[in-house]
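Here the structure is laid out as structure tokens; the discussion comes afterwards.
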Amino acid sequence: MFGCLVAGRLVQTAAQQVAEDKFVFDLPDYESINHVVVFMLGTIPFPEGMGGSVYFSYPDSNGMPVWQLLGFVTNGKPSAIFKISGLKSGEGSQHPFGAMNIVRTPSVAQIGISVELLDSLAQQTPVGNAAVSSVDSFTQFTQKMLDNFYNFASSFAVSQAQMTPSPSEMFIPANVVLKWYENFQRRLAQNPLFWKT
């Protein structure tokens, strides 16, 4: 029903079923993993009105499992990429795997999938830094650069009454900079590579 993929490793499609509605994948040598992809195989859909919450578990210093909610998969969203590299030192969250007697070894983490009602999934809050940004780094850089430029230029804004005439300097009205800023943002949102044409 589910698959799990880590870069540089073979795809896992044989989840260990630990309860009627709970599945786990082992992630050996989890310290070297940055991202994990969880996906439905397409062979068996979720029952109507159901989806799967996705959890990451790693052993704490005492060897006890720490479970953190990453997100979910559904028939309408059959795959998801999660960043787990920053989660290994975080706090655990409420999870449905607590009473399970799941065999594990110290250097093995696990991905757990719990089949639940879609209404229940909508009310859950994943850990904040697990979701992978859908905006690429170039777009993020460009947005930050635009914000920085606009804030910097706006910090020098003066009213017309405050201006002192200086024939050797040029002045650009702040509304012109604002218009350029808004246009650039709009075009970047429509096509992040518009500047190449």
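FYI, side chains are in, hydrogens and waters are out, and symmetry mates aren't considered; it's all heavy atoms of this structure.
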Original post:
Quick check: are there more than 12 heavy atoms from other residues, nucleotides or ligands sitting under 6.0 Å from CD of Q190?
Top reply: yes

Original post:
Does NZ in K77 sit with more than 12 non-hydrogen atoms of other residues, nucleotides or ligands closer than 6.0 Å?
Top reply: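 Result for NZ/K77: enclosed.
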
Just how far is it from atom [atom1] of [X] to atom [atom2] of [Y], taken to the nearest 0.5 Å?
X: Y150; Y: S155; atom1: OH; atom2: OG; answer: 11.0 Å
X: I113; Y: L70; atom1: CD1; atom2: CG; answer: 10.0 Å
X: L178; Y: N183; atom1: CG; atom2: CG; answer: 9.5 Å

[X] and [Y]: which non-hydrogen atoms are nearest, and at how many Å?
X: P45; Y: M1; result: O-CE, 4.0 Å
X: K83; Y: S85; result: CE-OG, 3.4 Å
X: V24; Y: W67; result: CG1-CH2, 4.2 Å
X: M40; Y: T74; result: SD-O, 3.4 Å
X: Q17; Y: E20; result: NE2-O, 3.1 Å
X: S53; Y: L69; result: CB-CD1, 3.9 Å

Original post:
Just checking, any donor-acceptor pair under 3.5 angstrom between side chains of Q110 and Q16?
Top reply: no

Shared hydrophobic cluster for [X] and [Y] (ILVMFWY, side-chain gaps under 4.5 Å):
X: F25; Y: F82; answer: yes
X: L121; Y: Y55; answer: no
X: V177; Y: F156; answer: no
X: I172; Y: F149; answer: yes
X: L10; Y: V36; answer: no

Are any non-hydrogen side-chain atoms of [X] and [Y] less than 4.5 angstrom apart?
X: Q124; Y: F72; answer: no
X: L27; Y: F56; answer: yes
X: M50; Y: L117; answer: yes
X: I111; Y: Y30; answer: no
X: Q185; Y: D147; answer: yes

Subject >> F39 and V73: CA distance, side-chain angles, deciding distance, side-chain contact (heavy atoms from CB on, under 4.5 Å) verdict >> reply: CA-CA 7 Å; F39 57 94; V73 290; over 6 Å; no

Is the backbone of [Y] close enough, under 3.5 Å, to the side chain of [X] for a donor and an acceptor to pair up by distance?
X: Q12; Y: A15; answer: no
X: N75; Y: F46; answer: yes
X: Q68; Y: I84; answer: no

Original post:
side-chain contact (heavy atoms from CB on, under 4.5 Å) between R9 and S32: does it pass, once the steps are laid out?
Top reply: CA-CA 11 Å; R9 300 185 184 187; S32 66; 3.4 Å; yes

